Every structure is written in structure tokens, then in C-alpha cells.
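We name chains A, B, ... by the order of the sequence lines, and we start the count at 1 in each one. If you're wondering where the values come from, they're calculated on a predicted model, not measured in any experiment.
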Amino acid sequence: MVRGFLRGAGSVQGSWLVSGVVTGACLIGALAVSGGGSKAYTAYTLAVHKTNAIPAFARKYGLACSACHTAWPELNAFGQRFRDNGYQLMNDRDSPIWQNPSYIPVTFRITPNWHRESATKQPVDAVPGNPATTGPGTLTVSGFDLSGMDLWTAGTLYKNISFVLLPSSDNAGVFHFEAAFVRFDNLWNSHWINFKVGKFELDNLVSEKRFLFLSGNGGAYQAYHFGPVTDTSGFTNFGLGDNQIGAELSGHSENSYTRYGIAVLSNTDGAVGLPASQSYDTYLTFSHAIDAGALGVERLGAYAYIGRRPTYFQTSGGAAIPGTGLGNKSFYQVGVAGDFFFGDLELLPLFLHANDNAYLATSTPGNVALPAGARDAKWNAAFLEAHYYINPQLVFTGRYETVRMSQQADPALPSDLGNIDAYSGGVRWYPIMFSRAGLSWHTEVSAVRSRGSAFAATDGVWTSSVFSGLDFDF
Amino acid sequence: MRPKTPVAAWVSGVVILLSAVGPRPGVAQESHIGNLTGHAAAGKKVYRRYCILCHGAEGDGTGENAMWIDPKPRDFTLAVFKCRSTPSGTLPTDEDLFNAMTRGFVTTNMPAWLPLTHQNRADAIAYIKTFSPKWRTLKPGTPITIPSEPSATIASILHGRELFQKMECWKCHGPAGHGDGPSAKTLTDNKENPIPPYNFSTGSRFKCGVTNQDLYRIFMTGLDGTPMPSFADDIRPADAWDLVHFLRTLQPLETPEAAIWKSWLASHAQELKPIGPPGTAQ
């Protein structure tokens, strides 16, 4: 579960830092004391912007946010087609030569906010400074804060050649590249053949980059980043919601109702630099939508992610040599998801099944014997997310999520260790919505209950967030 | 006993007043596209989400983006539409509007709203029709009949080329169809906004469709609100098809007409008379 946290604070929630020094110290202390292993330690991670709302496009094409987004940043069917076409409206005016010279295709996004984070059953010294008195306690911190910042630039280099460059910072201004790719669109005049290379979001039917949750506990899908508690080494560094580096072949029907994607990816979970070993991950996705009349566009899809990770390295003087990973072991996820509209109500269900090889799940190098009884770790996860659009400028959101271990890698562990239940609810109000910028007052409450603490595997640990911020992009 | 007449007069007056300011008659608040019936009430939501920033809250083409857009958004209050299957000067059918919304307009800011559901688009059309009183007082024109298309031949292409010269299409569209004829810079639409003629050499499709039938329809119905007139009274259907075949050769597309034309040109180029004013070299 350390891996789960690392994912959360790192690439998953890449543009946010842990909320503050005190919070971070508590967290690190908790991890140090416990050796990790509990989702409870995600208590103080914060959500990042998963920015894919780009008013630069609205400015270029003169469209309102609501033309492409159900509520930004989530895409609607029209926005999906625009994205699938390589950020082109296909009106013979997409090439940069048509852009107004004063048009600058750059978007900034940041969210000044107030938030409160709380976690139960955290390792706390009864007598400050005396580790011998460590026991379970509840930690709560709150205050004003900033989110990270995204600096989007995206569009077309030429007709049918599009690009994205997204330098993204945490709230201290430390930048990384969240996305950067070039895409060749409509190859051979077919929208079924598009090819891109770089770092990009997986073509998930339910996008974590364009969703409507920002809080520390609600700002990521637990299902997309879960890992078994026994994988304390972080071997299986992977999050379905993380942007990945690789190449993708994708295509879509003229109205984008039918879509597919095939990606070959470095096994770095999106981290730059050459991979740890010579193997590639593969991601496959397919979805189809139907026109349900007044109800809306109903989409159903499936995906599979298959990857391999090294479990040990060649060494030099006992130290691992980077890039020489050996003993690759496999993991996979398969899932089905939907995006269903019932007029102003949108439901986003997802179900996935995941499997980690026993070596990965028990953090055992491939050149040594597995612990007695060790076996693959298996789990199932599901969520149901609901959005109710009062109008294009006001949306209520809610989500329930569950993760259930179906097989622990270590048979001696409680079968429910690591299980998660997560709840989120919120409202986004867009007081302005036009083609130049976007502003949303975002308020959200979220809570996560995970099974197992640093003190007892049967503990239920609650972490919760209250978040209210002004989410703006320009 | 007080006379009842004043009461009746008040009631009838209120009814008349309400009829003037209240919801518009049902016939104008629906659209009918095939088996679909669009409803203005639902269409208002669609319009507010997708259309309002360009076409404006009142449908008069003065949305907040309008000043930045060229060509300008359509003014629905005039009920004048370019792409119709109906004769010039008449209202289009609901299906014409539906198709225009679905297709979008090439080289403009109007995108193809194809991803919206059919019902959403039908509803939007119903709402658009509430902006002009014409929809309450007039009926759409009767769609023109498009005869079957004869096969393209070099004879039909050459005849179409003669018509292009004779009917002075080149004055706006230019001798090579580049939209650079001598009148091109003087053209304005019905709101006095400059409007360029169609440039056949760059557009991958026409304003009102992509097929030969669509092109035939364009110059037999004209594009209302633009300088492009209807030629329905000026040329015979067979001539119109010849003109279609010639215009296809001006596009940068691999059409059957273009293949015939290139093949013929390879050995006959010097036989062509130039298009344009007398004495013009091609």
C-alpha cells in the first residue's frame, strides 16, 4: 500500500504537493512506523488538477466551455469527437494559418482553496517526541492552500498534426511534464487511423484527468491506483489514471460513437527516463455509444492493461544497475465501464478485475523462492459516479467506490486487508461560462475507509477531506 | 345588474395579450425530421449549451463571440438560410436545418454537431424556429426535384466550362475557381457583411454538402442571404449537371470528373479558350 500512497503523491496526483510540512511529517512518520501497508496513509495526499479543459480552444474556435464539456473538464460527446480529431473541428480552419495572430494557445489552471484533511488510527506519540508512546490517534489539519498549476498548450501544428505540451507544477512551483505528444490525425484520410507518440493519458472511458473531483480523498479513483498491501517494494508501479509514455494507435467512427485504442508503453508508469527493464506494457480499449434520443449518448466500453515489471537487477558492487531489471513478472487489469445519460443525470459505472503475479505481490525477487504459500494477488474494484446537471453552470456530483481483495498473496493475511470503501460528493458552480476563460467554485466532501492500520489488520481507518476552492483556467 | 360585456372584453383582452407575449404557437415550437419530433422547450437547453455564444440569446446572431467571428453567425430572426432544398426566397424544411446543423459549415466557425443525438438536434431546430415570426405565418417551400445525374463525360465537362464562362460564374469565383474573381472583394451578405465567394481549390467540401446532388441543389436554390443566386430559371437541369461536372474538376480531389478532365487535358490543353473577360489569358 506504500505503493498506493506513492502513486497518489507522485504521478497520480502529480501537480500537488502534500498539503504542508506538518502534514507531510505526520505522514512520513506514520509510514516509517508502520512500514506502510495501509491505504489510511493516503490521508493527506491532495488531488491535482487533471486539467484537460482548455479555454485556449474555446478562444480559438469561439465556443463556450459547455460546447465540449458536460461541465469542464469532463468531455461531452462533441468534445470527445473534437479530441479524437486531434483538437480539430474539421472545418478546414484547423491549421494554425487560420488562427488569429493574437491567439495564444496557452491555458493556465490553478485552484486557490481551503481544505481540511483528517485521518483516524494514525500512529501518534502520546508524549510528543517519545516513540515509545506511539498509539492510534486521529489527525486533522486544515487551512488555505493552493493547488498545483497546469500550463497547457495544445492544438495543431498543421492540419492533421496535433500536439499537447503540459508542463505541470506542484503548489511549490516544481515542474514536470504531465503530457507531451505529437499526434498524426486521420492518416490516409481515415479517422480510424491516428497515431501519437509521447506522454499521454490512457484512453480510459472514465477519465481521471477530466473528472469533477479535487479533494485529497476524492481526487483520484481508488480503483485506478490500488495495489495489494503485500507489495511494499513498489515493484508494480502502475496507475491506470497516470499518464504513460509510449505510442498509441487509435481510431473512431465519424461521430466518435465507436472508438478504439491500442497503446504500447514504457513500463515506467509515465516517469521520464529509460525503463527499468526491457519490456513494454500494452493497453487496449474499445467502446461504443448509441444515440438514445432525448436521454443522450450512452457509451459502454472495455479495456485491458497488461504489463510486466522487473523484480531484481544486475548489480555492480552489490548496487543495482539502472535499466538492467531482470525477472520480469506480469500483472494485468481488465475492466468494463460506461457513460450513461438519463437527460440531465449522468452515471459512470466501472468494474475491474486485477491480478498481480505472486512475485510482484509479495515483493519477492524473481531469482529467489517465493515465501511459502505465496500466490497471485487478485482483487475486484467498482465505482458508480453520478453527475446531475442543473444547467451547464451547476452540477452536483457523487461517487461510491469499492475495492475488494479476492485473493491475498499471503494466505495468512485477513481476506479483507486493504479493502476500500470510498465516498465523495460535491457541487461545482460556474458563475461565468464563455469562450475566453472558466471559473468554478468547487466544494467537495470525501471519505475513504480502508481495512488495516499500523496497529491491527482488522482496523477500519477513515480518512476524509473537505475542500472548497475557486478552480479557474484562462 | 352590471352588464357582462366589460368582463368579457377584459377576458378577451387578456387572452389576446397573453397570446401576444406568451408561448408561441405549437406549430412553430416543433420540428419534424422523419419520424422525429423536436420540441422547442427541450431545444432551448441544447441551444443554451451549444449555440448561444455565437447566435445570441435572441437568435439574432449577436452572441458575445459574434464580433470575433468571420463569417458572422446566422441571424435566426430573419429566417433566411443558405442551405435549403427549397426554392430561393422560401423557408427551408426542418430537415434542411437539421442537415445543416449536422454537417456544419466548412471554412466557418460553425462545427458539425454530429455527435449530438438526433433528438437533441431536432429539439434545437424547433427552438431556432421560435426566433422568427415567419415560422408561424409561412410554410416551408416545396423541395426542388433533382433529376438523376447523367454520367460525367468530357463533353459534359466542357459544356459546363462554357456555362461557367457564359453565366459569369468566374466574376465571383475566379477563372480557376479560386474565389478571386473581379467582383469577389465587393460581395456582401444580406447584413452588409463582406462575404468571400467559395474557393473550389481549397475546400474539401461545399457549404451545403459534399455530393454532386448537393452542388446541383446549391445553384438551383441559391444561397439565400448571400450573393449566390438561384439559377433555376436560367439553366436547364441537363446544363446544371454539366456545370456540376465541370466544377468538380476545380477541386483538389480525386473525383471521376477530375480524372476525365486530366486525361483530356493531357492532349488538348491548347484547345481551351481562356475563362474570364474577353482577351484574358488563362
Side-chain angles (χ1 to χ4, degrees), chain A residues 58-71 75-85 88-95 97-98 100 102-103 159 189 252-257 289-299 341 343-344 389-393 432-436, chain B residues 33 35-39 41-55 63-73 101-124 198-199 201-207 210 251-254:
Chain A
R59 290 194 288 271
K60 176 179 177 181
Y61 290 107
L63 294 170
C65 310
S66 60
C68 285
H69 300 278
T70 51
L75 290 177
N76 60 26
F78 181 80
Q80 183 66 61
R81 181 175 186 259
F82 176 71
R83 181 171 179 263
D84 286 347
N85 279 324
Q88 299 181 105
L89 286 182
M90 308 305 287
N91 269 9
D92 283 353
R93 280 205 170 181
D94 297 297
S95 175
I97 61 170
W98 289 104
N100 185 313
S102 64
Y103 159 76
K159 183 177 180 181
N189 288 321
H252 58 96
S253 58
E254 187 177 7
N255 58 7
S256 276
Y257 279 19
I290 60 168
D291 176 342
L295 292 179
V297 177
E298 320 293 347
R299 184 177 291 278
F341 282 87
D344 295 322
Y389 303 96
I390 304 297
N391 58 52
Q393 292 176 254
I432 60 165
M433 183 166 289
F434 61 115
S435 62
R436 295 295 184 266
Chain B
I33 295 103
N35 294 327
L36 274 181
T37 298
H39 303 282
K44 184 175 183 178
K45 293 174 72 173
V46 178
Y47 185 88
R48 285 175 60 85
R49 175 174 281 277
Y50 298 105
C51 317
I52 194 169
L53 278 189
C54 292
H55 294 287
E64 63 186 37
N65 284 331
M67 67 184 298
W68 310 108
I69 292 174
D70 178 28
K72 298 300 177 193
M101 183 180 179
T102 301
R103 186 175 53 232
F105 286 83
V106 68
T107 69
T108 77
N109 281 63
M110 172 71 176
W113 296 104
L114 179 66
L116 274 62
T117 68
H118 287 71
Q119 184 64 53
N120 283 164
R121 281 174 272 161
D123 291 340
Y198 184 75
N199 181 346
S201 70
T202 59
S204 60
R205 56 190 195 268
F206 307 114
K207 280 277 192 298
V210 295
Q251 291 185 288
L253 304 174
E254 294 183 2

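Your options are A:Leu295, A:Thr70, A:Asn391, A:Val297, and the one with the most heavy-atom pairs under 4.5 Å with chain B is A:Thr70. Of the listed residues B:Gly104, B:Cys51, B:Ala112, B:Cys54, the one with more heavy-atom pairs under 4.5 angstrom with chain A than any other is B:Ala112.
Both the backbone and the side chain of B:Leu116 come within contact range of chain A, with heavy atoms under 4.5 Å apart. With a 4.5 Å cut-off on non-hydrogen atoms, A:Phe78 touches chain B through its backbone and its side chain both. Heavy atoms of A:Glu254 lying under 4.5 Å from chain B belong to its backbone as well as its side chain. Contacts between B:Ala42 and chain A at a heavy-atom distance below 4.5 Å are absent for every atom of the residue.
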For B:Phe206 and B:Gln251, what are the C-alpha separation, side-chain angles and deciding distance, and is it a side chain to side chain contact (heavy atoms under 4.5 Å, CB included)? CA-CA 10 Å; B:Phe206 307 114; B:Gln251 291 185 288; 3.4 Å; yes
Would B:Lys45 and B:Asn120 satisfy side chain to side chain contact (heavy atoms under 4.5 Å, CB included), going step by step from the backbone distance to the final call? CA-CA 9 Å; B:Lys45 293 174 72 173; B:Asn120 283 164; over 6 Å; no
Could you walk me through whether B:Trp113 and B:Arg103 pass the side chain to side chain contact (heavy atoms under 4.5 Å, CB included) check? CA-CA 7 Å; B:Trp113 296 104; B:Arg103 186 175 53 232; over 6 Å; no
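Shortest non-hydrogen contact noted between B:Val106 and B:Arg205 is CG1-O, 3.4 Å.
Annotation: side chain of B:Arg121 is not in contact with side chain of B:Leu36 (no heavy-atom distance under 4.5 Å).
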